[in-house]
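Notes to accompany the following structure.
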Amino acid sequence: MRTRIGTQVILGAGLVTALTIGALAVLILRAHEAALVGELKRGADLLSETIKSSTHYDMLENRRDNLHRQITNMGRQQGIEAVRVFNKEGRIVFSSDASEIGRAVDKQAEACYACHAAGRPLERLPTAARSRVFPAAGHRVLGIINPIQNEPGCATAACHAHGPRDTVLGVLDVTVSLAGVDRDIAWGRGRMVGLAAAAITGSSAILWWLNRRLVVRPVEALAEGTRRVAAGDLSTTIPLTERHELGELARAFNDMTRRLAEAQRQLTQADKLASVGRLAAGVAHEINNPLTGVLTYASFLLKRAAGSPEQRQDLEVIVRETKRCREIVRGLLDFARQTPPRRQGTDLNEVVRRAVTIMMNQLALHRVALALDLATDLPEASADANQIQQVVVNLLVNAADAIGDGGGEIRLSTRATASEAGPGAEIVVEDGGSGIAAADLPRLFEPFFTTKGTRGTGLGLAVTWGIVQSHGGAIDVQSEEGKGTRFTVRLPLAAPAGPGPGG
Ligand code: ADP
């Protein structure tokens, strides 16, 4: 059976809270009870002393009736259960309950044990040792005993009841009811249990909420995202903005899916371009020969044409359109070129300058200004200078087309970079032209994709892409419609020159 993390956390934390609060409640209740009973003991002790001193003279004078009356009256006071006087032999000689007078108690019984434990009565005992709590008639009772000491006045009294050698003559025993205290304790216990239950419920609710917000929801979002990615949806992003570890995890996850999507896009692109390339190469090869024939014979006919001007005009159209066909076929053959680049240590700044020279007139014609920003410390790239020059020219032609006849500026720069794939050199072509619609971006490098109608072949970027790929490089485009476009071509560096023969 699957138990949720949240449930386990709450159960664990709830148990700890319950144990802590329970232990605290027990300690507090015990302290409360000890305080109440202690207070009552002091009261009972005071009462016992008061009884002793108020009956002192009646005892000295042996006024038994007086004594009996006083003790009976005291015993009737509210909260007092009984007041008794025991003689040395443990017989009750006075009691607020007349029926028990004369009854003897066992000196080893609980009430007497403290004093008689050592076999003989003790004269002085702390209050704690003189008191005891025991159950009686449905409630608890606190008893406190108070030894009645012999005094010179007593030993020499006329009654001659006690000899001078007796130290303790008897014991005054006062018992008070603990019913009130027990009620207080029960009420306190009830209140404590209620408070503890409220505290446990409250803290569990807060924990539940925190756990749901901080752990469960982010984890569910991550799990859902992982399932979607596993099902092939690489556009999945997890909308987590938390700044804790799970937020980090979500960011790492989003980063991972973005890279996977990019890798997949590139693979699909490479696949598509490779098959289109093979097809194009085949078709171009087949068409090239008959096309050359058509062009040769059409040009031949035009040269010798003696017919009407209309016939000449028709032949001129045939020649022009056939030349256009030949351009397209050439482009296709370029795109599908199987020749691997002849790569060597190349100064990209030099390549860029050569491309600019080729393009200068065309750019000036369109009133396009060129801002060059070439890195001075650019390391040599591993490249085929001619092919890369073609790449730069293609990008410049497109940039100029995008700017149109209104005039504008192209920024062309080079720079050294360090990416995850290692150090490299970049050529960046930026224009402030028409920009590219977001919907067109994924198709940009496809052969025959063009927005220029019959003016375009849609092969420039496909060829560019093929060249960059065969260099082990990468081409990246960023564009905003109406604002402009930036193409970045990244090429690997040439291996550093090995150590000389001596080194
Ligand atoms: P062509 O230039 O013959 O159309 P390309 O493959 O060179 O073929 O370009 C394909 C399409 O990409 C262009 O038709 C154009 O829509 C778009 N494009 C390329 N470069 C840019 C750019 N710098 N600004 C705007 N659009 C561009």
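We count ligands from 1, going down the list as the structure has it; atoms in each ligand are counted the same way. Side chains included, hydrogens not; waters and symmetry mates left out as well; all remaining heavy atoms used.
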Going by distance only, is there an N or O of Leu461 that falls short of 3.5 Å from an N or O of ligand 1? yes
Could you tell me, atom by atom, which parts of ligand 1 come under 4.0 Å of a heavy atom of Ile436? 25 (C), 26 (N), 27 (C)
Look at the side chain of Thr414 and the backbone N and O of Ala375, then say whether any donor-acceptor pair between them is shorter than 3.5 Å. yes
Need the ligand 1 atom indices (1-based, order shown) with element for anything under 4.0 Å from a heavy-atom of Gly456. 3 (O)
Quick one: nearest non-hydrogen protein atom to atom 14 (O) of ligand 1, plus distance? Thr451 N, 2.8 Å
What I want to know is whether Gly458 and ligand 1 share at least one N or O pair that is separated by under 3.5 angstrom. yes
With only distance considered, is Ser434 within less than 3.5 Å of ligand 1 through an N or O on each side? no
Ile200 backbone acceptor or donor facing Thr17 side chain under 3.5 Å: no
Report yes if the side chains of Ile318 and Asp314 come closer than 4.5 Å at any heavy-atom pair, otherwise no. no
If hydrogens are left out, which of Phe449, Phe445, Phe448 has an atom nearest to atom 10 (C) of ligand 1, that is, the closest non-hydrogen atom? Phe449
Please write down residue, atom name and distance for the protein heavy atom closest to atom 2 (O) of ligand 1. Lys452 NZ, 2.6 Å
Does the pair Gln387 and His471 meet the rule for a side-chain contact (heavy atoms from CB on, under 4.5 Å), with working shown? CA-CA 10 Å; Gln387 290 189 8; His471 275 75; 3.5 Å; yes
Return the residue, atom name and 0.1 Å-rounded distance of the protein heavy atom closest to atom 24 (N) of ligand 1. Ala402 CB, 3.2 Å
Mark up the atoms of ligand 1 that fall under 4.0 Å of a heavy atom belonging to Thr450, in ascending order. 1 (P), 4 (O), 14 (O)
How does Asp431 reach ligand 1, by side chain, by backbone, by both or by neither, if only non-hydrogen atoms under 4.0 Å count? side chain
Of all the non-hydrogen atoms in the protein, which one sits nearest to atom 12 (O) of ligand 1, and at what distance? Leu444 CD1, 3.4 Å
Quick one: nearest non-hydrogen protein atom to atom 20 (N) of ligand 1, plus distance? Asn398 CB, 3.2 Å
Relative to the heavy atoms of Phe487, which atoms of ligand 1 are at a distance of less than 4.0 Å? 20 (N), 23 (N)
Crowded around His285 NE2? As in, over 12 foreign heavy atoms under 6.0 Å? no
Determine, stepwise, if the pair Glu224 / Arg227 fulfils salt bridge (Lys or Arg N to Asp or Glu O under 4.0 Å). CA-CA 5 Å; Glu224 173 59 23; Arg227 269 194 295 276; 3.3 Å; yes
Any non-hydrogen side-chain atom of Leu142 less than 4.5 Å from a side-chain atom of Ser131? yes
Does the Asn394 side chain pair with the main chain of Gly460, one donor and one acceptor, at a distance under 3.5 Å? yes
Where the side chain of Asp476 meets the backbone of Thr488, is there a donor-acceptor pair that is under 3.5 Å apart? no
Location of contacts on Thr457 toward ligand 1, heavy atoms closer than 4.0 Å: both
Does the Arg367 side chain pair with the main chain of Asp405, one donor and one acceptor, at a distance under 3.5 Å? yes
Close approach, Ser479 and ligand 1, non-hydrogen under 4.0 angstrom: no
